[in-house]
Trainee: 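One structure, as structure tokens, below. Some questions next.
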Amino acid sequence: MNNSPASAISHDRPNPTEAPGYVASLALVTITTALAYWGRHWLTQPDLVMLYLLPIMGVAYRFGQGAALATSAFSVAAFDFFFVHPYFTFSVSDSQYLLTFSILFVVGLVISGLMTRIRAQERDARERERQTDALYQFGRELLSTLDPGKVPDLILRHACRLFGGATSLWRIEAEGTLTLTAANPAGYQPPEDGLAVIRWCCEQQQAAGQGTPVFPDVAFTALPITTGRLAGAITIRFETRHPPGKGARPLLDAFARHASLALDRARLGEEAESAAVRVRTEEMRSTLLSMASHDLRTPLASITGAGTTLRDEGATLDNNEHAELLETICTEAERMERLITNLLDMVRLESGSCPLRLEWIPFEELIGAARVQLAKRYPEQPITMTIEDQAALIHVDPVLFEHVVVNLLENALKHATSDHPITWKLHMESNRVVIRIGDRGPGIPPGMEESIFEKFVRNAKPGVPGSGLGLAICRSVIQAHHGTIHALNRPRGGAEFRIELPQPDLPADLLPAANPDPPAQEKHTA
Amino acid sequence: MTDSTHARILLVEDETQMRRFLRTALNARDFDVIEATNAREARLAVTGRPPDIILLDLGLPDGDGIDFTRELRTWSQLPIIVLSARGREDDKVMALDAGADDYLTKPFGVNELLARIRVALRHAARAQSRNDQETILRIGPLRLDPVRREVRILDQPVTLTPLEYRLLLYLAQNAGRVLTHQLILRHVWGPGTSQTHTLRVCMAQLRHKIEPDPAHPRILMTEMGVGYRMCDD
């Protein structure tokens, strides 16, 4: 992996000076000559020729073709000078040596060619591996990015790491405006005259700028990005002054493809999410509408019916019928009022426009107020209270929590009888309070323990009034208090609701020492 | 004291249907009803020949009912009952603290309205009589003798702490009216006490001494988020 700041692509540089190669070839030929001279009595002349192939091979591998050719020339010269009669002159007495020289030179040429090619392949392979690795890293990070908004920055960060320099991401809108989506380093802007190049790249979906045939004179390369309906471009200003080499094109193209896919995926993700939100809102609205049209119109129909009957047929009705119709109007109006109150509460809770006003309040007072509220509709209220401490204070928003108590109590009162009273239990712990209300009604259908807290989910026989909002309001209020509410079926029948609320420490003026408490007791009232 | 059945009622309400219903219901009980559809007309009606009681809608076309209440309170103690579709506790507290005597949230039944009118008129009458402080108060099973500082429930004497007694006396003197937390705290504890929970704890203790079932009060009623009210029927 390429962790150095250097980029992972090769650039076409002017041939570096090969002085070290020539020096090395001279040195190697000298050493070889020395060795050969020292062993000239044991070695035949063909052996000596073979010996000179070694420095040629070595230099070809290490320093490339030019130095290898030089080595061949040096070798021929040295061989001629030291080992061909007449010694220590470059003159040749036997013409057969000319063939030897030629062969030595040709062999040197071939070896150096082969060696150079091997070296180039090896270098390419290493570079490809590095590029693949870099792309793999890029792809992996793109996949693990969950936030679609971060994708452009991630792409540019990797572009900088892969290619160095400065990068920017552009988007072209349908009407042709070009907008800068992101840049790395932050604030980087390609030169003004580069905008035309970027536009051309976006519109033609072809690479442009440095290192390409189109606008090769600008100081950056623009790569086209296609994401579904949207088109755009990435610009890269390379960190060196030299344009990227031919070998870099596959990497650049692969990078652009990766980036396109990632942007496409991010866009699809965002679209899917907003579609899901739309669907949810739509579902909510249609449920609300169908609920409102049914639950609001039903009582309204009764009121209208009874009212028009009284107005138009009043003369023909007897006293009993009169009274009945009037009763209908009043009862149904009350039902509508409750429903509207619930709807408004729900909307208010969901909009988050009611900040909590936490106060210490005796739990008993909340129960008392709820019972008074329900007294008209439920004159009989068989309730057993088990409060460990009659003066138990809980820290809640009294107005909001009152909704919870009323809703749970009303739910339970539908099933309560004097034989099977409702049980309220309150249990204080160091930093939380557990409140439970139980009834002996039919309980909760299995599997609905959580869904009954959803809006408009009703667990009641058809015809039993209820908005399907009561428990949803309970849950909203409890959640606003950072507490939990759960429903469960009691072992011996009936439902139980269990609320847990976090509680702060009692303020000093409310500590039990200041208020002597009566012992825990149980009370039966009807 | 004004005979409550012939009291003059100023009805300040801009909704025609609402006015029609109230006029019919109140006329049937022999009240004289004067109607005003906005704050300007209401001001004229009050300065002309003052009514015995005002029924005030909060949402008036030419101003807020709460401002009208504050303005009126600077020079008159005429009982005001606020009728409003604004059901939020804050609105109630604001109206009551501005000087309204009572608050009814729309929709309401005519019986409830008549009860509140009766209470307000009685209270206004009592405030005028001098020996108010010495009258023995009888409210349901409760009998309170301010002179002897004696409290009895169903003829059984009850021992109260001084704070509990002051709280009970204040509520009894205003029986039927909603008193906000701040009003009670100022009156019973004096200025400087603003901890609502102090009041709540005291109220809980008082209920345990007076109510047959403190978890289902019949005398000392909670108006959640607003204050307390002593039931007077």
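We use all heavy atoms of the structure for the numbers below, so side chains are in, but hydrogens, waters and symmetry mates are not. Labels below follow one simple rule: chain letters A, B, ... track the order of the sequence lines, proteins then strands, and each chain is numbered from 1.
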Trainee: Check whether F108(B) gets within reach of chain A through its side chain, its backbone, both or neither, counting any heavy atom under 4.5 Å.
Mentor: neither
Trainee: Under a 4.5 Å cutoff for heavy-atom pairs, which residue among I361(A), L344(A), L400(A), I367(A) has the most contacts with chain B?
Mentor: I361(A)
Trainee: For E402(A), which atoms come within 4.5 Å of any heavy atom of chain B: side chain, backbone, both, or neither?
Mentor: side chain
Trainee: Are the side chain of N174(B) and the backbone N or O of R177(B) linked by a donor-acceptor pair below 3.5 Å?
Mentor: no
Trainee: Non-hydrogen atoms of chain B under 4.5 Å away: do they reach the side chain of L366(A), the backbone, both or neither?
Mentor: both
Trainee: Any chance the side chains of T222(B) and R207(B) put a donor and an acceptor closer than 3.5 Å?
Mentor: yes
Trainee: Does anything in residues 322-334 of chain A pair up under salt bridge (Lys or Arg N to Asp or Glu O under 4.0 Å), and if so which pairs, sequence neighbours excluded?
Mentor: E332(A)-R335(A), E334(A)-K376(A)
Trainee: Write down the atom of A369(A), the atom of M224(B), and the distance for their closest heavy-atom approach.
Mentor: CB-CE, 3.6 Å
